[in-house]
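Just so it is clear, the values below take in all heavy atoms, side chains as well, and ignore hydrogens, waters and symmetry mates. Please read all numbers here as calculations on a predicted model, not as lab measurements.
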Amino acid sequence: MSVQTWTYIMVGLSFTLYIGIAIWAKAKSRRDFYVAGSHVHPILNGMATAADWMSAASFISMAGLISFMGRDGSVYLMGWTGGYVLLALLLAPYLRKFGKFTVPDFVGDRYDSQVARFVAIVCAIFVSFTYVAGQMRGVGIVFSRFLNVDIGIGVLIGMGIVFFYAVLGGMKGITYTQVAQYCVLIFAYLVPAIFISLLMTDHVIPQIGFGSTLSDGSGVYLLDKLNGLSTELGFHTYTNGTKSTIDVFFITAALMVGTAGLPHVIVRFYTVPKVSAARSSAGWALLFIALLYTTAPAVAAFARTNLLTTISNAEYSKAPTWFKNWETTGLIQFEDKNNDGLIQYRGPKSEIENELTIDRDIMVLANPEIAQLPNWVIGLVAAGGLAAALSTAAGLLLVISTSIAHDLLKKELMPNIDHKKELLAARIAAGFAVCVAGYFGLHPPGFVAQVVAFAFGLAAASFFPAIIMGIFSKRMNKYGAISGMVVGLIFTTAYIVYFKFMFPELNHPENWWFGISPEGIGTVGMLLNFGVANLVSYKTAPPSLEIQNLVERIRIPRAN
Amino acid sequence: MPNNQSSQTYWKKNLRYLAILLSIWFLVSYVCGILLVDQLDHIRIGGFSLGFWFAQQGAIYVFVILICVYVQLMKRLDRQFNFDEHDEGPQ
């Protein structure tokens with residue numbers, strides 16, 4: 001069967017499964033809609049969190065990025081996993097004990113302030129919208145490449161599916177579809193990785209194959225071969241970095257702390273039945289994420305080696321079919337500058353001019369074709385990419401709808417609204433959010449890539465310190481928390497806007513403060529937040545006894 | 001409400017666990033994977049140089065282990081102080 005047929009089968013089967021689950025897991029109450037009734041088993045919540053967390057970017061782009069960045073790619077690997085340690089140890093158990101539904105709930109109640117709640121709502125909505133735009137675009141790209149439909153129609157189909165289970169099922173529907181989506185996406189990621197590992201190194205486990213000798217009998221280690229090829233062609237040595245140590249340090253920290261501060265991740269820990277379940281659920285989530293995140297660098301190295309050996313100095317007229325296929329999408333571009341009919345793929349340090357540009361995003365999608373794997377594997381990868389994008393989009397849409405219906409309407413604007421109307425408002429808000437997300441998917445703002453740094457920076461500089469201090473410091477009051485959040489937000493926003501939007505031409509290491517790139521500046525924003533908050537709170541009156549008792553209560557698992 | 005004395009001791013113990021676990025977290029990622037990565041790269045394990053391995057593999061494995069250890073430690077601590085939850089449903 002052809003790739004196309006297999007893709008239709010795989011995508012069709014997975015979509016049927018999601019719809020089936022959505023009908024089975026319809027939300028009946030407000031509690032079902034916001035936090036899946038807090039009945040989700042920790043292992044299932046771990047899977048759902050993993051699917052929620054791993055977006056189209058993790059599935060499609062990350063291995064590609066690493067394969068072009070080499071060791072520097074570890075900022076994503078460590079940054080997007082290390083945050084779960086913070087989440088498990090510092091946030092999840094206490095927020096679960098606190099109960100309620102959302103992050104603004106916690107900020108508003110702990111600091112007993114509508115202003116603090118409002119700042120938190122704005123951050124939650126902004127961060128979530130930033131993120132969701134990229135997901136819908138990812139859905140469109142997978143559809144257009146694998147099913148030959150227009151990107152626009154792809155986005156519409158994706159919207160329809162998400163609309164169905166998010167509006168109908170709320171958190172309950174989303175959680176159980178995310179469990180299914182995790183299974184699809186991890187299977188789709190591991191199968192080609194295992195195949196390629198076997199082909200290249202004779203090892204079943206990619207994480208081990210990655211550090212082993214090549215299967216061609218030469219006895220050369222894969223990474224040594226890759227380093228050799230890279231330097232020979234004028235690229236930097238794969239296992240060495242090019243970024244400065246301080247920048248790597250700050251970017252990793254911003255991504256870790258940002259991860260722990262992202263509202264759609266935090267809110268998942270409200271869905272489990274008890275505090276101990278919140279702790280173990282974070283562990284399961286990281287285990288499920290680590291399965292993909294430790295495979296990704298192996299895939300990156302395999303793909304890079306494969307690419308360099310098959311493409312460099314090959315005759316253009318005899319280039320493999322996958323090369324031609326991707327060339328038609330414009331994601332691979334070849335220009336025979338010296339007219340010798342050969343493909344010269346060279347790095348910046350080479351004396352020969354480079355003739356080939358390759359979009360990083362195709363590495364995972366094209367990898368099965370490059371390694372000549374069977375057609376069903378390629379179809380499976382398409383279904384996996386869709387699962388990754390849809391699961392994240394759904395989780396984000398729920399945060400947006402909850403923020404609007406629960407935090408904004410119920411807690412700020414219309415406190416007298418009853419539960420039934422609030423649930424209806426949440427459904428309408430979810431539907432509305434799907435449409436806005438779809439619009440951004442159809443007409444992507446040119447700045448999607450830039451705003452991702454923004455989302456993490458904001459989460460790191462605003463939520464994370466406010467929540468941490470709310471739990472670990474009884475002395476922290478609303479003046480401290482609000483001024484900390486505001487200073488962290490303004491500082492981080494200003495730095496990013498300056499380098500990314502106003503003067504992108506100045507965005508070079510020599511202009512950065514202390515060599516810290518806009519991607520890493522959230523860490524500085526977070527430190528400022530902590531500093532300002534403590535200073536202001538020290539100068540003003542301590543919070544009321546009632547609040548201090550609330551803090552005492554959330555520190556202890558048993559109900560009291 | 002549990003008595004104040006025991007909740008204070010419980011919290012202090014919790015903070016000590018956090019300090020130890022987070023130091024390890026910092027050590028494997030920021031120290032081994034970033035600050036000392038070039039020095040560790042002189043050591044080889046199979047095809048990996050050690051610094052590179054920590055940055056792209058090792059740190060993640062340790063993260064998973066850290067959370068598992070934390071879950072077990074806290075389970076024991078909760079039981080010791082009689083703060084563990086008996087199947088209370090959602091409030």
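Residue B:Lys13 places its NZ atom among 12 or fewer non-hydrogen atoms of other residues, nucleotides or ligands, all under 6.0 Å distant.
Per-residue heavy-atom pair counts under 4.5 Å with chain A were compared for B:Asn14, B:Leu66, B:Leu18, and the maximum is reached by B:Leu18. Of all the listed residues (B:Leu15, B:Val62, B:Ile60), the one sharing the greatest number of non-hydrogen pairs under 4.5 Å with chain A is B:Ile60. Of the residues considered (B:Gly46, B:Gly33, B:Cys68), B:Gly46 shows the highest number of contacts with chain A, using heavy-atom pairs under 4.5 Å. When each of A:Thr81, A:Leu89, A:Leu223 is scored by its heavy-atom pairs under 4.5 Å with chain B, the top score falls to A:Leu89.
Nearest heavy-atom pair across A:Tyr238 and A:Ile66 is OH-O, 3.6 Å.
A:Arg268 and A:Thr175 form a side-chain donor-acceptor contact under 3.5 Å, judged by distance and modelled atom types alone. Judged purely by distance below 3.5 Å, without hydrogens or angles, the side chains of A:Ser517 and A:Asp247 pair a donor atom with an acceptor atom. A donor-acceptor pair shorter than 3.5 Å can be found between the side chains of A:Asn227 and A:Thr239.
Interface remark: B:Tyr17 contributes no atoms to any contact with chain A (heavy atom separation under 4.5 Å). For A:Ile246, no part lies under 4.5 angstrom from a heavy atom of chain B. Both the backbone and the side chain of B:Ala55 come within less than 4.5 Å of a heavy atom in chain A. For chain A, the nearby parts of B:Phe63 are the backbone and the side chain; heavy atoms of each come within less than 4.5 Å. Proximity to chain B (any heavy atom under 4.5 Å) is shown, for A:Phe210, by both the backbone and the side chain.
Judged by distance alone, with hydrogens and angles left aside, the side-chain atoms of A:Lys474 form no donor-acceptor pair with the main-chain N or O of A:Glu552 at under 3.5 Å.
Contacts between residues 294-303 of chain A and chain B, counted as heavy-atom pairs separated by less than 4.5 Å, involve A:Thr294, A:Pro297.
Taking the six-membered ring where the residue is Trp, the centroids of B:Tyr70 and B:Trp25 are separated by 6.0 Å or more. The distance between the ring centers of B:Trp11 and A:Tyr94 falls below 6.0 angstrom. Centroid-to-centroid, the aromatic rings of A:Tyr76 and A:Tyr293 stay 6.0 Å apart or farther.
Legend: residues meeting side-chain hydrogen bond (donor to acceptor under 3.5 Å, both in side chains) with A:Tyr270, ordered by chain and number and at least two apart, are absent.
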